[in-house]
Student: 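Submitted below is the structure of interest, expressed as structure tokens.
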Amino acid sequence: MIIKRFIEDEILKHFKKIPVTAIIGARQVGKSTLARRILSHFKDYVYLDLELEKNRNVLKEPYLFFEENRHKIICIDEIQIMPHLFSEIKGLVDEYPKTKFLILGSSSPDLIKKASETMAGRVFYYEIPPFLWVEVNKKYSYKTHWLKGGLPKSLLSSNAYSKEWRKNYIRTFLERDIRQFGFNIPSETLKRLWTMLAHINGQVLNYSQLANTLGLSSPTIKGYIDILEYTFMIRRLQPYYQNVSKRIIKSPKIYIRDTSILHSLLDIDNWNGLFYHPVYGFSWESYVIENVVHKFKDYQPFYYRTSNGSEIDLLLIKDRKKIAIDIKASAQPHISEGFINAIQDLKVDKAFVIAQSDLKYNIHKNIAVYPFEKFMLEKI
């Protein structure tokens with residue numbers, strides 16, 4: 001089943017104008033499928049998946065291969081496996097400005113660092129997330145999407161296969177992918193950390209506490225969390241504290257980005273298991289944040305919390321415009337004084353409560369309750 005990604009039209013709009021288009025995202029998120037759809041709009045292209053040894057052998061003399069195919073679109077999948085290719089690509093596009101590259105990567109410090117240093121001004125980045133609910137809403141309810149997540153092989157498969165696939169995905173990521181990215185980390189240690197992060201999903205990060213539990217140093221824990229963030233497994237939502245004369249919480253909050261991975265790490269495989277689990281509300285928060293952040297992709301996401309209890313779950317900022325969002329797992333949400341105080345502190349332009357309700361209504365002056373579906377589908 002092929003589901004068109006919203007980002008496809010945006011990529012095609014700019015594709016002919018730029019030398020290098022980079023699509024980055026988690027493993028198995030659909031980068032290769034999207035790339036093939038983009039390439040189908042053009043006549044001449046060559047596609048190399050660097051996970052295959054025969055394709056790595058083709059690029060032993062990369063400049064010669066690139067020059068020979070300079071009149072075609074050159075697509076390289078999993079480019080982080082051969083990061084030295086960035087400098088070769090730079091040389092070719094400088095010499096032949098009309099040559100077009102489409103590069104795909106599951107991210108890593110190598111991908112980000114090498115590309116930004118060697119191809120500044122020559123590359124456009126597009127992050128492809130797991131399926132967003134607005135991309136699959138005609139086939140799946142938000143509850144199914146929330147439980148099974150947006151990774152294609154998890155969402156589009158039967159419940160039994162989805163469960164086993166996610167377990168294998170986590171195992172493969174820990175035992176193979178991390179080493180492929182160039183990191184030598186014991187898989188069991190990273191699995192324990194990842195599972196601990198699942199248990200504190202939606203809460204403020206305390207590196208020292210995690211370090212003490214795992215018997216590691218705080219810098220080591222931070223480095224491991226950096227890796228999970230670089231590879232799109234987690235999101236650190238940063239606090240907003242600019243120009244605020246309050247005592248502000250300044251540590252980030254942690255979220256597992258795809259809820260199917262969150263649920264798998266916690267051995268949740270059905271709706272009842274999720275509903276009665278202590279992480280239920282925080283899982284809903286993860287789900288809403290990932291979908292809303294991509295809806296408002298031109299905004300910077302933050303959270304806001306003061307020591308006296310004023311709090312905004314998701315604060316979106318663009319230029320001087322501020323949108324405040326309170327996220328409730330309830331069908332009949334109650335607004336807190338902390339949220340009201342926070343929107344007054346920050347003088348936000350719009351304020352919403354996203355809940356599992358059926359109706360849209362005003363709950364307070366200038367604060368509207370939105371069902372998740374309506375919020376995602378309406379122009380806000």
Side-chain angles (χ1 to χ4, degrees), residues 3 5-7 23-31 34 106-107 125-137 140-156 162 166 169-170 173 194 197-198 200-203 205 225 228-238 252-266 268 274 279-303 312-317 323-329 352-356 370-377 380:
I3 297 173
R5 307 306 302 263
F6 285 170
I7 201 172
I23 301 174
I24 57 175
R27 299 299 298 267
Q28 300 291 315
V29 81
K31 297 185 297 295
L34 175 58
S106 301
S107 191
Y125 288 100
Y126 297 92
E127 180 191 335
I128 176 174
F131 282 128
L132 303 171
W133 180 73
V134 291
E135 294 177 309
V136 298
N137 71 87
Y140 297 101
S141 70
Y142 78 82
K143 287 189 176 180
T144 298
H145 184 237
W146 172 19
L147 179 66
K148 295 176 71 176
L151 292 168
K153 288 187 179 178
S154 175
L155 179 64
L156 304 178
S162 175
R166 280 179 270 132
Y169 180 92
I170 291 170
F173 177 84
W194 204 0
L197 295 178
I200 62 168
N201 184 77
Q203 299 179 44
L205 260 180
I225 291 176
L228 291 172
E229 186 171 49
Y230 288 145
T231 51
F232 302 98
M233 294 296 110
I234 63 150
R235 178 185 296 277
R236 275 180 291 198
L237 191 63
Q238 298 298 328
K253 290 171 75 172
I254 191 80
Y255 294 94
I256 308 294
R257 292 188 60 169
D258 186 79
T259 48
S260 74
I261 300 302
L262 170 65
H263 300 155
S264 188
L265 288 167
L266 297 173
I268 297 169
L274 174 59
V279 81
Y280 175 77
F282 291 118
S283 172
W284 173 245
E285 198 171 310
S286 273
Y287 179 70
V288 172
I289 285 173
E290 285 305 310
N291 280 273
V292 171
V293 162
H294 287 283
K295 178 181 175 72
F296 292 89
K297 61 183 180 180
D298 294 330
Y299 286 68
Q300 286 187 283
F302 301 92
Y303 82 95
I312 296 171
D313 292 328
L314 181 61
L315 179 66
L316 301 166
I317 297 180
I323 299 174
I325 297 174
D326 198 20
I327 302 169
K328 301 292 187 185
F352 304 96
V353 177
I354 299 180
Q356 296 182 45
Y370 264 81
F372 171 77
E373 303 103 310
K374 274 190 174 294
F375 189 87
M376 294 309 302
L377 295 174
I380 302 297

Student: Compute the centroid of each ring, for Y140 and then for F131, and state whether the two points are separated by less than 6.0 Å.
Tutor: no
Student: Side chains of E285 and Y255: any donor to acceptor distance under 3.5 Å?
Tutor: yes
Student: Who passes salt bridge (Lys or Arg N to Asp or Glu O under 4.0 Å) against K374, sequence neighbours left out?
Tutor: E378
Student: Compare all side-chain heavy atoms of M376 with those of L132 and state whether any distance is below 4.5 angstrom.
Tutor: no
Student: Considering residues, nucleotides and ligands other than K153, do more than 12 of their heavy atoms fall under 6.0 Å from its NZ?
Tutor: no
Student: Search all heavy atoms of I268 against all heavy atoms of R166 and return the closest pair with its distance.
Tutor: O-NH1, 4.2 Å
Student: Any idea which heavy atoms bring K295 and F375 closest together, and the distance?
Tutor: CE-O, 3.2 Å
Student: If every non-hydrogen atom of I170 is compared with every non-hydrogen atom of S264, which pair is closest and at what distance?
Tutor: CD1-OG, 3.7 Å
Student: Under the rule for salt bridge (Lys or Arg N to Asp or Glu O under 4.0 Å), what residues qualify as partners of K148, not counting sequence neighbours?
Tutor: none
Student: Any side-chain heavy atom of L237 within less than 4.5 Å of one from P252?
Tutor: no
Student: Minimum heavy-atom separation for P129 to H294, with atom names?
Tutor: CB-NE2, 3.4 Å
Student: Could you check whether any side-chain heavy atom of I261 comes within less than 4.5 Å of a side-chain heavy atom of L151, counting everything from C-beta outward?
Tutor: yes
Student: Within the 4.5 Å heavy-atom criterion, are L205 and R236 side-chain neighbours or not?
Tutor: yes
Student: So among S260, S283, S286, which one has a side-chain contact (heavy atoms from CB on, under 4.5 Å) with W146?
Tutor: S283
Student: Quick one: are T231 and S106 in side-chain contact, heavy atoms under 4.5 Å?
Tutor: no
Student: Do N291 and Y142 have side-chain heavy atoms sitting under 4.5 Å apart?
Tutor: no
Student: Are V288 and L314 side-chain neighbours, meaning at least one heavy-atom pair lies under 4.5 Å?
Tutor: no
Student: Ignoring hydrogens, what is the shortest heavy-atom contact between P301 and R235? Give both atom names and the distance.
Tutor: CG-NH1, 4.4 Å
Student: Considering residues at least two apart in sequence or located in another chain, which fulfil the salt bridge (Lys or Arg N to Asp or Glu O under 4.0 Å) criterion with K328?
Tutor: D326
Student: What is the ring orientation for Y370 with F352, classed by angle as parallel under 30°, tilted 30 to 60°, or perpendicular over 60°?
Tutor: perpendicular
Student: Tell me if the CD atom of Q238 is crowded by more than 12 foreign heavy atoms within 6.0 Å.
Tutor: yes
Student: Looking at side-chain heavy atoms only, is the closest gap between L377 and W133 below 4.5 Å?
Tutor: yes
Student: Are E127 and R257 ion-paired here, with the side-chain N under 4.0 Å from a carboxylate O?
Tutor: yes
